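Letters A, B, ... are given to chains in the order of the sequence lines, protein chains preceding strands, and every chain is numbered from 1. These numbers were taken from a predicted model, which means no experiment stands behind them.
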Amino acid sequence: MTRAVASLLGRRIPRSFFLRPTAIVARDLLGKILFHDSPAGPAAGIVVETEAYLRDDPASHSFRGPTARNASMFGTPGRAYVYLVYGMHHCFNAVTAPAGIGEAVLLRALEPVEGLDLMRIRRGRDSDRDLCNGPGKLVQALGIGRAHDGVDLTRGAVGFHEPKVSTSLRGRVVRDLRVGITSGAELPLRFYLRGNPFVSRR
DNA sequence: AAACGGATGGGCT
DNA sequence: GCCCATCCGTTTG
């Protein structure tokens with residue numbers, strides 16, 4: 001681990017964190033750091049926007065039961081669920097709930113804090129704000145792909161950490177409707193940090 | 001500033 | 001065939 005990264009990351013988020021109600025996990029991931037120690041170099045960002053996807057939730061991939069595609073969503077909590085959407089982008093989720101129950105948290109936006117040059121190359125964009133302000137964008141910026149579907153986020157190259165210097169999020173957490181879905185659109189399961197310029201929409 | 005459409009592929013009815 | 005948990009360049013107001 002590089003010197004810069006060591007000064008950034010606190011303790012790794014353990015599996016017990018993900019074994020709590022999914023909306024709570026989605027809320028509590030705000031302010032944590034998503035890190036990928038990739039072969040090309042480290043990249044990381046502060047989580048600023050998430051969405052919860054529940055069982056018996058018509059917007060959730062798990063709604064119609066387990067399939068080959070969504071298998072990891074029904075697997076061990078604290079692992080990744082990565083899938084291809086719109087034929088060209090990937091989305092990254094942290095699996096929650098006990099095995100057999102298909103729930104997860106979609107990561108929608110990060111505030112880039114490490115590996116910004118690498119992110120710019122991967123994204124083909126220069127502006128800091130355009131690196132991780134969307135679910136497809138952050139996945140591309142971090143170098144995450146289909147190969148990461150099912151990986152354990154509590155150990156290994158991809159995972160969540162406490163920030164070394166933590167700031168209070170009191171009064172900054174907003175809860176409202178999810179983005180880009182049709183059914184289940186009335187459920188308030190999106191969480192983001194008020195006023196943060198790296199959130200995917202204002 | 002908002003609205004729109006094209007790209008692109010896999011999963012499911 | 002149709003429907004996407006999206007992104008981006010272009011057009012329109």
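- To the nearest 0.5 Å, the span separating CG on A/Leu169 from NZ on A/Lys32 amounts to 7.5 Å.
- For the pair A/His89 NE2 and C/dA5 P, the interatomic distance rounds to 13 Å; values are reported in whole Å.
- Summarising the geometry, the separation between CZ on A/Arg122 and C1' on C/dC7 is reported as 19 Å, rounded to the nearest angstrom.
- Regarding contacts with the backbone of C/dA5, every side-chain N or O of A/Arg69 stays at 4.0 angstrom or more from both OP1 and OP2.
- Side-chain proximity of A/Arg64 to C/dT6, C/dA5, B/dC12: nearest is B/dC12.
- DNA chain C is contacted by both A/Gly136 and A/Gly87; A/Gly87 maps to the nucleotide lying nearer its 5′ end (nearest heavy atom per residue).
- Using a 4.0 Å heavy-atom distance criterion, A/Arg108 is classed as a sugar-phosphate-only contact.
- A straight line from OH of A/Tyr83 to C1' of B/dT8 spans 16 Å, rounded to a whole angstrom.
- Residue A/Arg146 places its side chain closer to B/dG11 than to any other of C/dA5, C/dC8, B/dG11.
- Atom NE2 in A/His90 sits about 14 Å away from atom C1' in C/dC7, given to the nearest Å.
- For a distance-only test at 3.5 Å, the side chain of A/Tyr86 fails to qualify as a donor-acceptor partner of the base of C/dA5.
- A distance of 6.0 Å or more separates the ring centres of A/Phe92 and A/His148.
- Across all strands shown, B/dA2 pairs with C/dT11; the Watson-Crick or G-U wobble distances both stay below 3.5 Å.
- Closest contact between the side chain of A/Leu84 and the listed nucleotides C/dT6, C/dA5, B/dG9 involves B/dG9.
- Within 4.0 Å (heavy atoms only), A/Arg190 reaches no atom of the nucleic acid at all.
- At whole-Å resolution of the value, CZ in A/Arg178 and P in C/dC4 are 13 Å apart.
- For A/Ala59, the side chain to side chain contact (heavy atoms under 4.5 Å, CB included) criterion is met by A/Tyr53, A/Asp57, A/Arg178, A/Ile181, not counting sequence neighbours.
- Applying the Watson-Crick and G-U wobble criteria (two distances, each under 3.5 Å), B/dT8 pairs with nothing in any strand.
- Each of A/Val105 and A/Asp130 was assigned the nucleotide of DNA chain C with the nearest heavy atom; the assignment lying further toward the 5' end belongs to A/Val105.
- For A/Asn93, whose side chain is taken as the heavy atoms from C-beta onward, the closest listed nucleotide among C/dT6, B/dG11, C/dA5 is C/dA5.
- Residue A/Ile181 is in sugar-phosphate contact alone, with no base atom involved, counting any heavy-atom pair closer than 4.0 Å across all strands shown.
- Put simply, A/Thr67 has a side-chain N or O that comes within less than 4.0 Å of OP1 or OP2 on B/dC12.
- Between the CD1 atom in A/Ile33 and the OG atom in A/Ser166 there is a gap of 10.0 Å [rounded to 0.5 Å].
- Stacking is found between A/Tyr53 and the pyrimidine-like six-membered ring of the C/dA5 base under the 5.5 Å centre-distance and 30° plane-angle cut-offs.
- Classification of the A/Phe160-A/Phe18 ring pair by plane angle, with boundaries at 30° and 60°, yields tilted.
- A straight line from NE2 of A/His61 to P of B/dT13 spans 13 Å, rounded to a whole angstrom.
- Here the P atom of nucleotide C/dC7 and the CZ atom of A/Arg123 are 8 Å apart, to the nearest Å.
- Side-chain atoms of A/Arg123 and A/Gln140 include a donor-acceptor pair closer than 3.5 Å.
- Rounded to whole Å, atom C1' of C/dC8 lies 12 Å from atom CG of A/Asn133.
- For A/Arg125, the listed nucleotide lying nearest its side chain is C/dC8; candidates were C/dC7, C/dA5, C/dC8.
- Listed nucleotides: C/dC7, C/dA5, B/dT8. Nearest to the side chain of A/Met88: B/dT8.
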